[in-house]
Amino acid sequence: TADLVDRSARALGGRMTRDRAALDALRDGLRALGPQATLERGYAIAQLGDGSVVRDPAAATVGDALTVTVARGRLSTQVTELHPEDPSA
């Protein structure tokens, strides 16, 4: 029975090692998709004074104050021009 216990313990240990590796891979995948990883790649989030995220130039007007979040902090700026996408492009 000691042999059976040893084999069971090794099997359980192997299973736990595989499960830990799978969890680590899932965690890494989630981090890669997270907002901080996106900011680290050079993207930014622009927000109006009310906290709403600017997704379209039409959401802002010239003179609006914006807070721009980047990977390592925030910037305060002001809209000076609007450049909507050309729908025919």
Side-chain angles (χ1 to χ4, degrees):
T1 60
D3 189 41
L4 178 60
V5 170
D6 284 344
R7 284 194 318 245
S8 296
R10 283 193 307 273
L12 182 58
R15 174 67 187 258
M16 290 175 61
T17 299
R18 288 188 302 277
D19 288 350
R20 169 63 60 194
L23 283 173
D24 289 345
L26 287 170
R27 183 198 63 228
D28 293 344
L30 285 173
R31 282 187 182 154
L33 295 172
Q36 186 61 39
T38 301
L39 294 174
E40 291 288 343
R41 290 192 298 271
Y43 289 88
I45 301 167
Q47 294 175 280
L48 294 168
D50 66 2
S52 62
V53 175
V54 179
R55 292 178 175 84
D56 185 324
T61 58
V62 171
D64 280 349
L66 297 177
T67 299
V68 180
T69 302
V70 294
R72 303 220 185 352
R74 292 189 175 97
L75 310 167
S76 296
T77 188
Q78 187 174 34
V79 177
T80 58
E81 296 180 38
L82 301 174
H83 301 280
E85 277 187 11
D86 181 358
S88 64

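Computed from a prediction, not measured in an experiment: that's the story for all the values here.
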Seminar exercise, completed: For T38 and L33, the nearest pair of non-hydrogen atoms, with its separation, is OG1-O, 4.4 Å
Exercise. So which heavy atom on A44 is nearest to which on V70, and how close?
Worked result: CB-CG1, 4.0 Å
Problem set entry | D6 side, atom CG; T1 side, atom OG1 - distance, nearest 0.5 Å | 9.5 Å
Exercise. Going from OG1 on T17 to CZ on R10, what distance comes out if it is rounded to the nearest 0.5 angstrom?
Worked result: 13.5 Å
Exercise. Is it the case that more than 12 heavy atoms not belonging to E85 sit under 6.0 Å from its CD atom?
Worked result: no
Exercise. Sequence neighbours excluded, which residues qualify as salt bridge (charged side-chain N to carboxylate O under 4.0 Å, His left out) partners of R55?
Worked result: none
Seminar exercise, completed: Taken in chain and number order and not counting sequence neighbours, the residues that satisfy salt bridge (charged side-chain N to carboxylate O under 4.0 Å, His left out) with R31 are none
Seminar exercise, completed: For A32 and A37 the tightest heavy-atom approach is O-CB, 3.6 Å
For this session: Show your reasoning for whether side chain to side chain contact (heavy atoms under 4.5 Å, CB included) applies to L48 and L66.
Result: CA-CA 5 Å; L48 294 168; L66 297 177; 3.5 Å; yes
Exercise. Please walk me through it: do V79 and T61 pass side chain to side chain contact (heavy atoms under 4.5 Å, CB included)?
Worked result: CA-CA 7 Å; V79 177; T61 58; over 6 Å; no
Exercise. Is the number of heavy atoms from other residues, nucleotides or ligands under 6.0 Å of R27 CZ greater than 12?
Worked result: yes
For this session: Verify the cluster assignment for L82 and V54: are they in a single hydrophobic cluster under the rule of side-chain heavy atoms below 4.5 Å apart?
Result: yes
Exercise. About how many Å separate CG of D28 and CG of L23, when rounded to the nearest 0.5 Å?
Worked result: 11.0 Å
For this session: Count the heavy atoms belonging to other residues, nucleotides or ligands that lie under 6.0 Å from CZ of R41, then report whether that count exceeds 12.
Result: yes
Exercise. Looking at T67 and R74, what are the two nearest heavy atoms and their distance?
Worked result: CG2-CD, 3.6 Å
